[in-house]
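Report on the following structure.
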Amino acid sequence: MDRGTLLPIVALLLAVCSLRPTSLAETVHCDLQPVDAEVTYVTSRVPEGCVAQVPNATLQVHILFLESSRAVSELELKIQKSTQNGTWPQEVLLVLSANKNVLLRLQAPGIPLNLAFDPKMVIFQGHPGINTTKLPPLTTKSQLLNWADTKGPIASVAELNDPESILLRLDQAPGSPSSCSLEPLMDMGHTLEWKPLTPASVRGCRLEGVPGHKEAHIVRVLPGTQDRPRTVTVKVELRCASGDPDAVLILQGPPYVSWLIDANHNMQIWTTGEYSFKIFPEKNIRGFVLPDTPQGLLGEARRLNASVVASFVELPLASVVSLQARSCDGGLQTSPAPVHTTPPKESCNQELLLSLIQPKCSEGVMTLVLKKDLISTLRCTITSLTFWDPSCQAEDRDEQFVLRSTYSSCGTKVTDNVVSNEVVINLLSSSSPQRKKVHCITTEGLSFQLGLYLSPHFLQASNTIELGQQGFVQVSMSPSIPELMLQLDSCQLDLGPDADTVELIQSQVAKGSCVSLLSPGPGGDMRFSFLLRGYMVPTPTTGTLSCTITLRPRTWSLEVHRTISMRLNIVSPGLPDKGLVLPAVLGITFGAFLIGALLTAALWYIYSHTRPPGKREPVVAVAAPASSESSSTNHSIGSTQSTPCSTSSMA
């Protein structure tokens, strides 16, 4: 064969070799079907939403539309402030709109939050410990958006389908528009992340013609709407009784995505971008260029000698991905094929039912109320509802069951103001009764005091404070019970209808640099100090100091909220308690000046008319200078009230 013929053949072979992975990907036979693996994820992409930047707003509005496919669902909602320094709104209004019943667990530590919701649809697990507002009867999304817009600038809106947990951050969003305009498939960025309740669809297949027992796990993260650098944490748990499996993890995503891998087994890693391991997060390893199609990734698994694709999943742009495979022996664990039959009737959700058992205590009685419509929504039928003593049966009223017991009956016990009993529920769908220990706090026999002091020693209480003076406040409970903890939630000073209310403490956080939380007193009393502004128009003379406190036991997840207040007298600085206002002070000053001027003139008149007659000529000779000096003196006195520097300037 001559050289002219050989060169084209060699070039053709090189081209074929360079296209080998793509050709395999296009021709590989792999019948993807559901497998017995679970993938959950946390993402910032929502079906519809928007984010706006409202840096100077005193109130921020955030709206969540919760679309659920279940009659009753549980939701964990966490709200965070940024760890970076920044200006925060005085209040945050969070609007929750739910199409089905939601049992809400809310965490918003240190955030001045006001929650607007429909109490018929959103039920708190425990006391929220925040301000709440009942939503008006709004039927459409646009009506709710218009209503929220009247309350303040809207910082974010998100619609979520079947959320299990939501993390809402109150950071400012640089680069975002100044107003919120809903967009489909919106990437909320750092503002909101959520975890869907339903796991992702996971499929797998056997790669024909590849021997061995090597398995591949493929995670493909789809691009988002924002091309910003981000790290995806991938947690892999392979349950293998025989030790480390022969496995490869293939991670494919947009070029701006890096990976942080946390795996419980040794495995081969094949990724795009850069990746690192949780045990060595600072060591970044460069990845590879991988195909960006499902067929291409299946071909890549075959090129890496995988005989089985144990899991293949495609996800929206996520921040955390968790993969659990229940088998890693080289076999394909397929899920049973769905059979189209009449779905069985849903059974009673006993766990959610027990979470609704939250009695209250007051006036010597423990009371539990269960609404029948909510019980019906949970598909439960209650045959009997009693306390520990079965003779204490619940009353069947029109729309609810009511179970009541005094503190001395039905097996009720009281220890350190904590009332305890047990609720027993018999269900039609269960042969054995459901039991739950219940507790609540009684404040009977307890008194709460709010005291104002004018020194940090807290020795002598006062009900009077001057403008510009520092006040020290103490909140105490008597008798002091070591089992109960006292917590200061909020405090404010109401100065009347003509002045703004002064917020001192909100959500357990001091408001502004003039308020400081102090160390508790010897008996656990809560203390703080504040500096009252020195000048106000109009000048207030009275005010009302009020504080909201929370009482909770150390060993139980319970809490009781109380509001206490006291009247204050407010006086101007340096004046008697009855107070002299500014016009009176100016009148006294002007009167004193006028009296002084008249006395000076009278003394000069007396002096000029009582001189010896023989010395009248010499006096006349020096009268002009003396008169000039007197005139200068009078001018100096007169000018002291307006420009204190006028005398020295003339000299």
Side-chain angles (χ1 to χ4, degrees), residues 12-41 43 45 185 198-225 227 232 234 236 238 245-259 261 263 267-275 286-318 321-325 327-328 330-335 337-338:
L12 180 61
L13 289 174
L14 290 174
V16 171
C17 291
S18 65
L19 293 174
R20 179 176 175 269
T22 305
S23 300
L24 279 174
E26 292 174 352
T27 59
V28 66
H29 178 70
C30 175
D31 183 18
L32 289 173
Q33 54 186 313
V35 294
D36 191 16
E38 182 177 275
V39 173
T40 59
Y41 61 96
T43 180
R45 195 183 77 169
L185 299 179
T198 304
S201 173
V202 186
R203 299 174 295 167
C205 65
R206 182 175 295 278
L207 297 171
E208 296 182 357
V210 182
H213 300 285
K214 187 174 184 179
E215 62 184 39
H217 297 273
I218 304 175
V219 177
R220 184 188 180 206
V221 174
L222 303 175
T225 57
D227 297 345
V232 178
V234 181
V236 181
L238 304 181
D246 186 9
V248 56
L249 176 64
I250 301 176
L251 305 175
Q252 189 273 328
Y256 48 83
V257 167
S258 58
W259 313 87
I261 301 172
M267 57 196 316
Q268 185 181 2
I269 306 298
W270 211 250
T271 78
T272 55
E274 292 185 345
Y275 68 94
R286 187 175 298 276
F288 310 93
V289 177
L290 299 181
D292 60 355
T293 63
Q295 279 294 317
L297 294 174
L298 293 174
E300 197 72 19
R302 182 170 182 175
R303 191 175 72 83
L304 295 171
N305 298 320
S307 60
V308 170
V309 177
S311 64
F312 178 89
V313 64
E314 291 182 298
L315 303 172
L317 194 56
V321 178
S322 298
L323 166 64
Q324 291 184 349
S327 176
C328 50
L332 185 64
Q333 300 294 322
T334 60
S335 298

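Positions are given from 1, in the same order as the sequence printed here.
A heavy-atom distance below 4.5 Å is not found between the side chains of Gln33 and Arg203. Counting heavy atoms from C-beta outward, Pro199 and Val39 have side chains that stay 4.5 Å or more apart. Contact of the Pro316 side chain with the Tyr41 side chain is registered, since non-hydrogen atoms from C-beta on lie closer than 4.5 Å. By the 4.5 Å heavy-atom criterion applied to side chains, Ile250 and Leu304 are counted as neighbours. Side-chain contact between Leu297 and Val309 is absent, with no heavy-atom pair separated by less than 4.5 Å. Between Val221 and Trp259 there is a side-chain heavy-atom pair separated by less than 4.5 Å. Within the 4.5 Å cutoff, no side-chain heavy atoms of Leu251 are placed close to those of Val257. Considering only heavy atoms from C-beta on, Leu315 comes within 4.5 Å of Val219 through its side chain.
In this structure, Lys214 and Gln268 approach most closely via the heavy-atom pair NZ-OE1, 2.7 Å. What you find for Leu222 and Glu314 is that their closest heavy atoms are CD2-OE2, 4.4 Å. Residues Ala318 and Val232 share a closest heavy-atom pair of O-CG2, 3.1 Å. Closest heavy-atom contact between Leu238 and Ala325: CD2-CB, 3.6 Å.
At distances below 3.5 Å, not a single donor-acceptor pair connects side-chain atoms of Trp270 with backbone N or O atoms of Ala301. Remark: side-chain polar atoms of Thr43 are paired, donor with acceptor, to backbone N or O of Leu317 under 3.5 angstrom.
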Would Asp246 and His213 count as a side chain to side chain contact (heavy atoms under 4.5 Å, CB included) if you check the C-alpha gap in whole Å, the side-chain angles of each, and the deciding distance to 0.1 Å?
-> CA-CA 7 Å; Asp246 186 9; His213 300 285; over 6 Å; no
Could you check Val313 against Leu323 for side chain to side chain contact (heavy atoms under 4.5 Å, CB included), going step by step and ending with a plain yes or no?
-> CA-CA 10 Å; Val313 64; Leu323 166 64; over 6 Å; no
Begin with the C-alpha distance, continue with both residues' side-chain angles, and end with the deciding distance and a verdict on side chain to side chain contact (heavy atoms under 4.5 Å, CB included) for Asp292 and Gln252.
-> CA-CA 7 Å; Asp292 60 355; Gln252 189 273 328; 3.5 Å; yes
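Distance check, rounded to the nearest 0.5 Å: OG1 of Thr271 to CZ of Arg286 gives 11.0 Å. For the atom pair Ser311 OG and Asp36 CG, the distance stands at 11.5 Å (nearest 0.5 Å). Atom-to-atom distance recorded for Leu32:CG and Cys205:SG is 4.5 Å, nearest 0.5 angstrom. Expressed to the nearest 0.5 Å, how far CZ of Arg303 lies from CG of Leu207 amounts to 13.5 Å.
Checking His217 against Glu215 by side-chain atom types alone, a donor-acceptor pair falls below 3.5 Å.
In this structure Pro223 satisfies the side chain to side chain contact (heavy atoms under 4.5 Å, CB included) test together with Pro254, Tyr256, sequence neighbours excluded. Under the ring-ring contact (aromatic ring centres under 6.0 Å, His included) criterion, Tyr275 pairs with Phe277, not counting sequence neighbours.
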